Amino acid sequence: MPKPPKRSERSRKKILDSARAVFFEEGFERANLDEVARRAGLAKGTIYRHFDSKAELYVEVLVQNADTFLERMQRVVDPKDSAAEQIRRLARFYFDHYSSQLEYFRIFWAIDNQRLIGELPPNLVAKVTAVWKRALGLLAGVIERGIAAEELLPCDPWLTANVVWVGANAVIHTLEVPARRELWERDVAKVYGETIELYLRGLMAP
């Protein structure tokens, strides 16, 4: 029979769950640790026993469950498929994952806004960067193998993976911008699929 989690582990989980809700509702800048403590049912001092600052707590919210996300992403890649189909499957997984969990995506976008987050300590930046490097590494690996199999044109796999990722994120971000969706006059999922196909047409070997 598994042992019940220790009190400190339960407290940490309560803090992370509450912080995620507060960051989602208020944004990083306006988020208040007093509110995080209130929702967690803990004293504010308990937060500082687990996290040195609001920024560190914010980063932990970003990277929690990252291993599960990356494991699921890895399972999408089937070497028996063509490189193009593997890229499509990764793209569909990414869209489905974040379009169904937009609150998490909103929190993540703020990491790019230094006006809001301020200058994060290098160790915290590295923690977030490591998650995305692992995810991008999966896509870059598919591209690299596709080049070796002469399914894809020669290119820099890492750079290409980053370009595709930026395009995918730009479309998903539109889920938060109603005016842009109206301008497109298209369903976001359809635009996302066409964006991926546009990249593939540029990558596919004759």
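On a predicted model such as this, the values are computed, not experimentally measured, just so you know.
- Considering CG of Leu138 and NZ of Lys133, their distance stands at 14.5 Å, rounded to 0.5 Å.
- Side chains of Leu152 and Ile143 form a contact here, defined as non-hydrogen atoms less than 4.5 Å apart.
- Arg89 has no carboxylate O lying under 4.0 Å from a charged side-chain N of Asp78, or vice versa, which leaves the two without a salt bridge.
- Arg12 has no carboxylate O lying under 4.0 Å from a charged side-chain N of Glu9, or vice versa, which leaves the two without a salt bridge.
- A donor-acceptor pair under 3.5 Å is formed between the side chain of Glu56 and the backbone N or O of Asp52.
- One finds the OH atom of Tyr94 at 11.0 Å from the CG atom of Leu139 (value rounded to the nearest 0.5 Å).
- The shortest non-hydrogen separation linking Ala31 to Val22 is CB-CG1, 3.8 Å.
- Applying the 6.0 Å contact sphere to NZ of Lys44 captures more than 12 heavy atoms from other residues, nucleotides or ligands.
- Summarising the geometry of Ser18 relative to Arg39, their closest heavy-atom pair is OG-C, 3.5 Å, with the distance given to 0.1 Å.
- The existence of a salt bridge linking Asp17 and Lys13 is confirmed by a sub-4.0 Å separation between a basic side-chain nitrogen and an acidic carboxylate oxygen.
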Could you go through Leu90 and Met73, starting from their C-alpha distance and side-chain angles, then the distance that decides it, and tell me whether this counts as side-chain contact (heavy atoms from CB on, under 4.5 Å)?
CA-CA 7 Å; Leu90 283 170; Met73 191 174 180; 3.7 Å; yes
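- Between Ala205 and Glu150, the closest heavy-atom pair is CB-O, 3.5 Å.
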Run the numbers on Ile172 and Ser99 for side-chain contact (heavy atoms from CB on, under 4.5 Å), then give the verdict.
CA-CA 7 Å; Ile172 294 175; Ser99 61; 5.7 Å; no
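- The closest side-chain heavy-atom distance from Arg30 to Glu25 is not below 4.5 Å.
- Note that CG of Asp81 is 11.5 Å distant from CD1 of Ile87, once rounded to the nearest 0.5 Å.
- Under a hydrophobic-cluster definition in which Ile, Leu, Val, Met, Phe, Trp and Tyr are linked whenever side-chain heavy atoms come within less than 4.5 Å, directly or via other members, Tyr48 and Val36 are assigned to the same cluster.
- Considering only heavy atoms from C-beta on, Leu33 comes within 4.5 Å of Leu57 through its side chain.
- Between Phe69 and Phe93, the ring center distance clears the sub-6.0 Å criterion.
- Each of Leu153 and Ile196 belongs to its own hydrophobic cluster when Ile, Leu, Val, Met, Phe, Trp and Tyr are linked at side-chain heavy-atom distances under 4.5 angstrom.
- In summary, Arg201 and Glu197 do not engage in a salt bridge, as defined by a charged side-chain N under 4.0 Å from a carboxylate O.
- Of all non-hydrogen atoms in Ala140 and Pro157, the two that sit nearest each other are O-CB, 3.6 Å.
- Nearest approach of Ala91 to Tyr192, heavy atoms of both residues: O-OH, 2.7 Å.
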Set out, in order, the CA-CA distance, both residues' side-chain angles and the distance that settles salt bridge (Lys or Arg N to Asp or Glu O under 4.0 Å) for Arg145 and Glu151, then state yes or no.
CA-CA 9 Å; Arg145 291 189 295 274; Glu151 296 176 37; over 6 Å; no
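- Under a 3.5 Å cut-off, the side chain of Asn162 and the backbone N or O of Trp158 do form a donor-acceptor pair.
- Separation of atoms CD1 (Ile15) and CZ (Arg49) is listed at 8.5 Å; rounding is to 0.5 Å.
- When side chains are defined from C-beta on, Tyr58 does not count as touching Arg20, because their heavy atoms never get closer than 4.5 Å.
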Salt bridge (Lys or Arg N to Asp or Glu O under 4.0 Å) assessment of Glu185 paired with Lys190:
CA-CA 11 Å; Glu185 298 180 346; Lys190 180 176 177 59; over 6 Å; no
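- Hydrophobic cluster membership differs between Leu198 and Leu203, with clusters built from Ile, Leu, Val, Met, Phe, Trp and Tyr side chains linked at under 4.5 angstrom.
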Audit row: Tyr98, Asn169, side chain to side chain donor-acceptor pair (under 3.5 Å) steps and yes/no:
CA-CA 10 Å; Tyr98 280 110; Asn169 280 324; over 6 Å; no
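- Taking each heavy atom of Ser8 and His50 in turn, the nearest pair found is O-CE1, 3.1 Å.
- Using a 30° and 60° split on the angle between ring planes, Trp165 and Trp132 fall in the perpendicular class, above 60°.
- A salt bridge links Arg92 and Glu85; the closest N-O separation between the charged side-chain nitrogens and carboxylate oxygens is under 4.0 Å.
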Is there a side-chain contact (heavy atoms from CB on, under 4.5 Å) between Tyr199 and Thr160? Walk through the geometry before answering.
CA-CA 9 Å; Tyr199 283 125; Thr160 302; over 6 Å; no
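- Between Leu42 and Ile47, every side-chain heavy-atom pair lies at or beyond the 4.5 Å cut-off.
- Between Glu71 and Arg134, no side-chain nitrogen of the basic residue sits less than 4.0 Å from a carboxylate oxygen of the acidic one, so the salt-bridge criterion is not met.
- Between Phe95 and Thr195, the closest side-chain pair of non-hydrogen atoms is not below 4.5 Å.
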